[in-house]
Amino acid sequence: MLLVHPLIDPVILSFGFLQIRWYSLAYILGFILGLYLIKKINKKFSSPIKNKYIDDFFIWSIIGVILGGRLGYVFFYQLSNTIKNPVSMFYIWEGGMSFHGGLLGIIFSMLIFSKYKKIRFFQISDLVSTVAPLGIFFGRIANFINIELYGRITEFPIAMIYPTIDNNPRHISQIYEAFFEGIILFIILFILSKKNFHKNKFGLNTSAFLILYGIFRFFLEFIREPDSHLGLFFNFLTMGQFLCIPMILLGIFIIKKNKYE
């Protein structure tokens, strides 16, 4: 089945210089839905976090994800350009966000916030990890609309032509990532939360998120077009795959350290 991208306008509404884009809407939906679900899932803990603290963390999470995502993109994917022109790191209107940078940013936010409010780090990270796949889902759909992070050329029966790129059939990698990194991962983590949160098994959902996202992303990168300016390392791995390796290892370390029964 050969599909053709519908060429959806990345701008939903425009009011002069003010534009509302699908990508921005994806972030907004991810944060709002995440906040709502965190409050619902938080009740499963035998000693839940106060909703007031969750509301306070909402702003911290936004800052962590956006600042970390931007800095991660600059240093992981645009380091050479940034060295040549350091001011370019502030060119946010040109786009560019890194998931792994956003992950580091929100981890840093959770570390500071948990110390400040005297909350267990893994308790809040378990909540964030459980709902994070929904934000990833919306983000991947926005990637599809924007025709970015598209797949490699393929002879697979189901493929898509992206007219603004070329006329070659390509993997619909954004949709595959939305499904596995978003829907499937959320279902798994939600089931784990129902099973383990009332037992206060802190860190289990955090480690599961790191390991499973890392594995899904690592293998799906094999069908995603590598960044043109970076290419493949050793003619095999992408930057995204390299960054997933420490994620998986960290998740395994958390499990080993906590010795879940």
- More than 12 heavy atoms of other residues, nucleotides or ligands under 6.0 Å from CZ of Phe180: is that the case? no

So CG of Leu212 and CD1 of Ile215: to nearest 0.5 Å the spacing works out to 6.0 Å

Residues Gln241 and Phe236: closest non-hydrogen pair is OE1-O, 3.8 Å

| Residue pair Leu210 / Leu103, side-chain heavy-atom distance below 4.5 Å | yes

### Query
Do Val11 and Ile8 sit in the same hydrophobic cluster, where Ile, Leu, Val, Met, Phe, Trp and Tyr count as joined when their side-chain heavy atoms come under 4.5 Å apart?
no

Exactly one of Phe137, Phe99, Phe219 clears ring pair (Phe, Tyr, Trp, His ring centres under 6.0 Å) with Tyr213, and that residue is Phe99

### Task
Name the orientation class of the two ring planes belonging to Tyr162 and Tyr150 (parallel below 30°, tilted from 30 to 60°, perpendicular beyond 60°).
tilted

Please answer whether the main-chain N or O of His171 pairs with a side-chain N or O of Thr154 as donor and acceptor at a distance below 3.5 Å. no

- Task: For the pair Ser98 (side chain) and Phe76 (backbone), establish whether a donor and an acceptor sit closer than 3.5 Å, ignoring hydrogens and angles.
- Result: no

Per side-chain contact (heavy atoms from CB on, under 4.5 Å), Ile254 is matched among Leu249, Ile211, Thr206 by Thr206

| Under 4.0 Å between a Lys/Arg side-chain N and an Asp/Glu carboxylate O for Asp55 and Lys39? | yes

Can you confirm whether Phe15 sits close enough to Ile20 that some side-chain heavy atom of one is under 4.5 Å from a side-chain heavy atom of the other?
yes

Check your understanding: Going by atom types alone, do Ser46 and His198 pair a side-chain donor with an acceptor below 3.5 Å?
Key -> no

#### Entry: Any side-chain heavy-atom pair of His5 and Pro163 under 4.5 Å
yes

dist Ile255:CD1 -> Leu204:CG (nearest 0.5 Å) comes out at 6.5 Å

Are Phe197 and Phe190 near enough that their ring centres are under 6.0 Å apart? no

query: When clusters are formed by joining ILVMFWY residues with side-chain heavy atoms under 4.5 Å apart, either directly or through shared neighbours, do Phe58 and Leu127 land in the same one?
result: yes

Residues 221-233 vs salt bridge (Lys or Arg N to Asp or Glu O under 4.0 Å), sequence neighbours excluded, gives Arg170-Glu225, Glu177-Arg224, Arg217-Glu221, Glu221-Arg224

Inset, instruction - Would you kindly confirm whether Ile161 and Ile175 end up in one hydrophobic cluster when ILVMFWY residues are joined by side chain heavy atoms under 4.5 Å apart? - result: no

Trp22, CH2 atom: more than 12 neighbouring heavy atoms under 6.0 Å
no

Interatomic distance, CD1@Ile12 vs OG@Ser24, rounded to 0.5 Å, equals 8.0 Å

In the structure I gave you, are the side-chain heavy atoms of Ile188 and Ile191 within less than 4.5 Å of one another anywhere?
no

*Does Phe122 offer a backbone N or O that forms a donor-acceptor pair with the side chain of Ser125 under 3.5 Å?*
yes

Connected to Ile28, directly or through other members, by ILVMFWY side-chain contacts below 4.5 Å are Ile32

_Could you go through Tyr73 and Gln78, starting from their C-alpha distance and side-chain angles, then the distance that decides it, and tell me whether this counts as side chain to side chain donor-acceptor pair (under 3.5 Å)?_
CA-CA 7 Å; Tyr73 176 77; Gln78 294 289 333; 3.2 Å; yes

task: Report yes if the distance between the aromatic ring centroids of Tyr27 and Tyr23 is under 6.0 Å, otherwise no.
output: yes

(message) Please check: side-chain N/O of Glu181 versus main-chain N/O of Ala178, any donor-acceptor pairing under 3.5 Å?
(response) no

How are the rings of Phe233 and Phe242 set relative to one another: parallel (under 30°), tilted (30 to 60°) or perpendicular (over 60°)?
perpendicular

Check your understanding: Is there a donor-acceptor contact under 3.5 Å from the side chain of Asn205 to the main chain of Leu189?
Key -> yes

So OG of Ser129 and CD1 of Ile124: to nearest 0.5 Å the spacing works out to 10.5 Å

One should read off an interatomic distance between Ser173 OG and Leu149 CG, to the nearest 0.5 angstrom, of 7.0 Å

If you define the side chain from C-beta out and look only at heavy atoms, does anything of Asn143 sit under 4.5 Å from Arg140?
yes

Only residue of Phe113, Phe121, Tyr116 satisfying ring pair (Phe, Tyr, Trp, His ring centres under 6.0 Å) with Phe57 is Phe113

Within the supplied structure, the quantity of interest is the number of heavy atoms (other residues, nucleotides, ligands) at a distance under 6.0 Å from Arg120 CZ; does it exceed 12? no

Next item on the list: Report yes if the side chains of Gln174 and Ile141 come closer than 4.5 Å at any heavy-atom pair, otherwise no.
Entry: no

The reported gap from OG1 in Thr130 to NZ in Lys194 (rounded to nearest 0.5 angstrom) is 13.0 Å

Quiz item: Hey, any chance Leu232 and Phe222 share a hydrophobic cluster, counting ILVMFWY side chains that come within less than 4.5 Å of each other, even indirectly?
Solution: no

Self-check item: Same cluster (ILVMFWY, side-chain, under 4.5 Å), Ile172 and Val4
Solution: no

Exercise. Donor-acceptor pair, Asp166 side chain versus Asn168 backbone, under 3.5 Å?
Worked result: yes

Review point. Would a 4.5 Å heavy-atom cut-off, applied to side chains only, mark Phe186 and Leu37 as touching?
Key: yes

